[in-house]
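Counting starts at 1 for both ligands and their atoms, following the listed order. We use all heavy atoms of the structure for the numbers below, so side chains are in, but hydrogens, waters and symmetry mates are not. Bear in mind the structure is a predicted one, so any value in this text is a computation, not a measurement.
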Amino acid sequence: MTINVSDAGGRHRSPFRTFARRALALGGAGLVSVTGVVALSGSAQAAGSTLGAAAAGSGRYFGTAVAANHLGESGYATTLDTEFNAVTPENEMKWDAVEGTRNTFNFSNADSIVSHAQSKNMKVRGHTLVWHSQLPSWVSGLAATDLRTAMNNHITQVMTHYKGKIYAWDVVNEAFQDGSSGARRSSPFQDKLGDGFIEEAFKTARSVDSAAKLCYNDYNTDGVNAKSNAVYNMVKDFKARGVPIDCVGFQSHFNSNSPVPSDYQANLQRFADLGVDVQITELDIEGSGSAQATNYSNVVKACLAVTRCTGMTVWGIPDKYSWRASGTPLLFDDNYGKKAAYTAVLTALGGSSSGGGTTDPGTGGGTDPGTGTGSKTCTAAYTATQTWQGGFNGQVTITAGSAAITGWSVKVTLGTGQTTTGVWNGTTAWDSTGKVMTVTPSYNGSLAAGASTSFGFTVQANGNTAAPTVSVCTAS
Ligand code: G2I
């Protein structure tokens, strides 16, 4: 369950006691993921003037694939930092990049992307752990038992290295065949380990980082077709048997041969109805001008219409760095100029390039303008990330509105009987009842417009598994 609230203001924060401590490591059997839906903000949220800020207005992220070797280019870095609040390393986390030699891990390029993202409070999608492509030949050469060991070790080492830093992992990528067969794709994993390699990968992933959302990601699954039906049946089966899966990624690489399907939204919705989040993970649409713009707009609207569509990622920033540059499939031209597609996306997200129009704190419908902090706002969205017999972990994601903020404060009220046994990434002050904690940043107070951070806490339910109430986000 998710609650979004919004408030603005510049109230003073008192010195607070720190209860920061890492989440309990929760392992194994009985762990149930209840990662929840994202609801629209309940009160006035300034319309964003950037993609990230506009998406944040409905509690979503807007991300891009990033290549480490472009981060030094100022136009690239500026556009990334201004427009996006999530990143996916385009190639740097793939098996060949991080474990080209068995058990020798090289994270340097991926680390540079993750630390850049963290410094800007952007979400990171991890891409990808188990994929038949960009797979070193030493892996393909292994016999079954050894391959299983290598797969689980790879997942464990990579996820451990990035533990706590990844919003969602593409645990398994592109495991199904194209066409009408609905069969699994031949790969070293499929051919030697059988269908079970997918669920084994997800179970291993959950055991390593229980806070990251675990996704299955694929292409040509964007509409209802034989391939998406096969993925759908797998996800349904996983949910029925308690195999951990939190999300499904729809790559959404479109062109005239593979246009945006008319049942795109319906397809996202049927997956969401299985109890998983859905995400648009690698969006690009070949074309130009108004036709391209309309297609982009339709994709964004489809995500916004599906409550559990938690965010969108385009597969690169300027056309020139696209994996299919000649098709000019992205939102920015080679000089980082905004294309018609950019404006269409921003508009579909509810944003406006003229500066938003709703950022005036004196006229915003329902937000408390506070004192002296102008248009600074934030929203706070609660998600239960894990439950177990006797308790649960909650996470609150704070997202800045259309102006950068340097501090935030969120009030969390526990239910009757509930107590917390730990709070992390936040500093707490309790009221005299011991039920209401005001949480302020421990290190993560500065957020760019539209950027997010989160804190988490463990609740001992004492018979009450209701979600705590997250009531006010105050920005300063
Ligand atoms: O193919 C588009 C995407 C389909 N879904 C999974 C994604 O991971 C995939 O991304 C692309 C990257 O955008 C390309 O940049 O994956 C390709 C590889 O399958 C990437 O291309 C590779 C080139 O093939 C290599 O020659 C090159 O060394 O990029 C490498 C790094 O630039």
Any protein heavy atom sitting closer than 4.0 Å to atom 24 (O) of ligand 1? no

Counting heavy atoms only, which of Arg324, Glu282, His127 is nearest atom 5 (N) of ligand 1? Glu282

Which ligand 1 atoms are under 4.0 Å away from a heavy-atom of His253? 3 (C), 4 (C)

Answer with yes or no whether Asn217 contacts ligand 1, where contact means a heavy atom under 4.0 Å from a ligand atom. no

Give me the residue, atom name and distance of the protein heavy atom closest to atom 10 (O) of ligand 1. Trp315 NE1, 3.3 Å

Donor-acceptor pair between Asp218 and Tyr216 side chains, under 3.5 angstrom: yes

Among Gln251, Gln134, Lys94, closest by heavy atom to atom 18 (C) of ligand 1 is Gln134

Under the 3.5 angstrom rule, does the side chain of Lys123 hit a backbone N or O of Ser452 as a donor-acceptor pair? no

Does any N or O of ligand 1 fall below 3.5 Å from an N or O anywhere on Glu174, backbone included? yes

Short list, please: which atoms of ligand 1 are under 4.0 Å from a heavy atom of Glu90? 12 (C), 13 (O), 14 (C), 15 (O)

Are any of the N/O atoms in Asn173 less than 3.5 Å from those in ligand 1? no

Determine whether the side chains of Glu90 and Tyr321 contain a donor N or O and an acceptor N or O closer than 3.5 Å. no

Can you check whether a protein heavy atom sits less than 4.0 angstrom from atom 20 (C) of ligand 1? yes

Applying ring pair (Phe, Tyr, Trp, His ring centres under 6.0 Å) as the test, list every pair that has at least one member in residues 261-280; sequence neighbours left out. Tyr232-Phe271, Phe250-Phe271, Phe254-Tyr264

Selection residues 98-109 - residue pairs positive for salt bridge (Lys or Arg N to Asp or Glu O under 4.0 Å), sequence neighbours left out: Arg102-Asp146

Salt bridge check, Asp246 against Arg206: does any charged N sit closer than 4.0 Å to a carboxylate O? yes

Would a search of protein heavy atoms around atom 28 (O) of ligand 1 find one under 4.0 Å away? no

Under a 4.0 Å heavy-atom limit, does Trp131 contact ligand 1 with its side chain, its backbone, both, or neither? side chain

Test item: protein heavy atom less than 4.0 Å from atom 2 (C) of ligand 1: yes

Between Trp169 and His127, does the ring centre distance come in under 6.0 Å? no

Take His132 and Trp95, measure what ring pair (Phe, Tyr, Trp, His ring centres under 6.0 Å) needs, and give me the verdict at the end. CA-CA 9 Å; His132 66 275; Trp95 198 315; over 10 Å; no

Counting heavy atoms only, which of Asn91, Thr128, Asp284 comes nearest to atom 30 (C) of ligand 1? Asn91

Do we see a donor-acceptor contact under 3.5 Å between the side chains of Arg185 and Ser187? no

